[in-house]
Amino acid sequence: MKLFDLSGRVAVITGGNGGIGLGMAKGMAAAGATIVVAGRDAAKNGAAVKELKDAGGQATAIPVDVLKEESCRSLIDQTVKAHGRLDILVNNAGMSIRKQPEQYTLAEWHTVLDSNLTSAFLCSHAAYPALKRRGGKIINIGSMMSIFGAPFATAYAASKGGMVQMTKSMATAWAKDNIQVNAILPGWIDTALTRRAREQVQGLHDSVLKRTPAARWGVPDDFAGIAVFLSSPASDFVTGATIAVDGGYSSLA
Ligand code: NDP
């Protein structure tokens with residue numbers, strides 16, 4: 001089906017070496033995209049590339065630390081040099097430091113904001129010239145913390161709320177270049193990130209289960225379909241949107 005065909009497209013996925021990023025990568029690779037897996041951990045990068053290739057996809061890895069501007073710029077430069085183009089950027093890398101607001105140091109605040117939000121700005125800024133050549137897609141990963149708050153998530157929620165507003169602003173700025181910019185808001189998904197959260201926040205596992213209408217935690221593979229949709233011609237008139245992939249979590253009063 002041409003609407004969802006990503007053949008010949010090149011996609012950079014920050015944090016594509018595991019969790020939600022790899023779930024999206026698997027869907028996009030199956031739809032024909034060449035995936036550039038961009039994480040810090042070389043072993044995880046290698047394992048993700050192998051998994052994508054073993055499934056019949058095309059993938060390479062470029063190491064990146066999204067906390068560093070030069071590393072973000074080099075990721076995009078290296079991708080365009082190696083593949084001759086860039087069509088899709090997924091700003092997925094992220095982390096959290098969980099504590100009460102009064103307990104954050106300024107350095108911790110910046111680490112969370114820079115990892116989750118400034119990184120997406122930097123990668124999008126670096127990718128813009130390449131994306132506008134043929135039109136392109138940016139997918140930003142928000143969170144339920146883009147719309148709700150939690151006592152342990154002040155910095156994380158600030159970064160993910162900012163992600164939504166940045167998405168809308170870039171969408172309006174770059175529509176003229178045929179670049180669509182959208183955000184996905186995952187519900188509670190079983191990944192390394194939330195395994196740590198469940199160790200740190202008592203009762204989290206059960207409270208999520210109880211509140212999620214689909215009656216389960218999400219899995220990374222739940223993101224394959226939405227990633228293909230937002231990367232493909234099927235979404236060419238969708239821009240500035242925030243789409244929850246949350247088993248109904250955010251719809252329940
Ligand atoms: P993971 O911990 O599995 O993935 C996080 C990814 O981000 C890793 O691949 C990691 O790569 C990468 N990363 C973190 N910091 C950096 C950095 N400085 N430079 C480069 N890469 C970095 O967790 P998830 O899959 O859950 O998280 C993916 C995204 O989804 C995040 O933005 C998260 O906030 C968001 N999200 C997750 C939810 C969930 O329930 N799991 C809910 C809502 C949003 P490496 O290990 O190589 O550093």
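Residue indices begin at 1 and follow the sequence shown. For ligands, and for the atoms within them, numbers begin at 1 and follow the listed sequence. Keep in mind that this is a model prediction, so the values were computed, not measured.
- Formation of a donor-acceptor pair under 3.5 Å by the Arg211 side chain with backbone atoms of Ser207 is not found in this model.
- Partners of Phe229 according to the ring-ring contact (aromatic ring centres under 6.0 Å, His included) rule, which considers only residues two or more places apart in sequence or in another chain, do not exist here.
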Just list the N/O pairs, ligand 1 to protein, that are under 3.5 Å apart, with the distance for each.
{"unit_1": "ligand 1", "atom_1": "7 (O)", "unit_2": "Gly94", "atom_2": "N", "d": "3.3"}
{"unit_1": "ligand 1", "atom_1": "9 (O)", "unit_2": "Gly15", "atom_2": "O", "d": "3.2"}
{"unit_1": "ligand 1", "atom_1": "9 (O)", "unit_2": "Asn17", "atom_2": "OD1", "d": "2.5"}
{"unit_1": "ligand 1", "atom_1": "15 (N)", "unit_2": "Arg40", "atom_2": "NH2", "d": "3.2"}
{"unit_1": "ligand 1", "atom_1": "18 (N)", "unit_2": "Asp65", "atom_2": "OD1", "d": "2.9"}
{"unit_1": "ligand 1", "atom_1": "19 (N)", "unit_2": "Val66", "atom_2": "N", "d": "2.9"}
{"unit_1": "ligand 1", "atom_1": "25 (O)", "unit_2": "Ile20", "atom_2": "N", "d": "2.8"}
{"unit_1": "ligand 1", "atom_1": "26 (O)", "unit_2": "Thr191", "atom_2": "OG1", "d": "2.6"}
{"unit_1": "ligand 1", "atom_1": "32 (O)", "unit_2": "Asn92", "atom_2": "O", "d": "2.7"}
{"unit_1": "ligand 1", "atom_1": "32 (O)", "unit_2": "Lys160", "atom_2": "NZ", "d": "2.9"}
{"unit_1": "ligand 1", "atom_1": "34 (O)", "unit_2": "Tyr156", "atom_2": "OH", "d": "2.6"}
{"unit_1": "ligand 1", "atom_1": "34 (O)", "unit_2": "Lys160", "atom_2": "NZ", "d": "3.2"}
{"unit_1": "ligand 1", "atom_1": "40 (O)", "unit_2": "Gly187", "atom_2": "O", "d": "3.4"}
{"unit_1": "ligand 1", "atom_1": "40 (O)", "unit_2": "Ile189", "atom_2": "N", "d": "2.7"}
{"unit_1": "ligand 1", "atom_1": "40 (O)", "unit_2": "Ile189", "atom_2": "O", "d": "3.4"}
{"unit_1": "ligand 1", "atom_1": "41 (N)", "unit_2": "Ile189", "atom_2": "O", "d": "3.2"}
{"unit_1": "ligand 1", "atom_1": "41 (N)", "unit_2": "Thr191", "atom_2": "OG1", "d": "3.1"}
{"unit_1": "ligand 1", "atom_1": "46 (O)", "unit_2": "Lys44", "atom_2": "NZ", "d": "2.6"}
{"unit_1": "ligand 1", "atom_1": "47 (O)", "unit_2": "Asn17", "atom_2": "ND2", "d": "2.8"}
{"unit_1": "ligand 1", "atom_1": "47 (O)", "unit_2": "Arg40", "atom_2": "N", "d": "2.8"}
{"unit_1": "ligand 1", "atom_1": "47 (O)", "unit_2": "Asp41", "atom_2": "N", "d": "2.8"}
{"unit_1": "ligand 1", "atom_1": "48 (O)", "unit_2": "Arg40", "atom_2": "NE", "d": "2.7"}
{"unit_1": "ligand 1", "atom_1": "48 (O)", "unit_2": "Arg40", "atom_2": "NH2", "d": "3.0"}

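- Looking only at atom types and distance, the side chain of Thr14 has no donor-acceptor partner in the side chain of Asn91 under 3.5 Å away.
- For the pair Glu199 and Arg195, the salt-bridge criterion is not met [side-chain N within less than 4.0 Å of a carboxylate O].
- Between the side chain of Asn17 and the main chain of Ala48, no donor-acceptor pair closer than 3.5 Å is present.
- The only option from Asp87, Ile35, Leu89, Val90 that meets the side chain to side chain contact (heavy atoms under 4.5 Å, CB included) definition with Val12 turns out to be Leu89.
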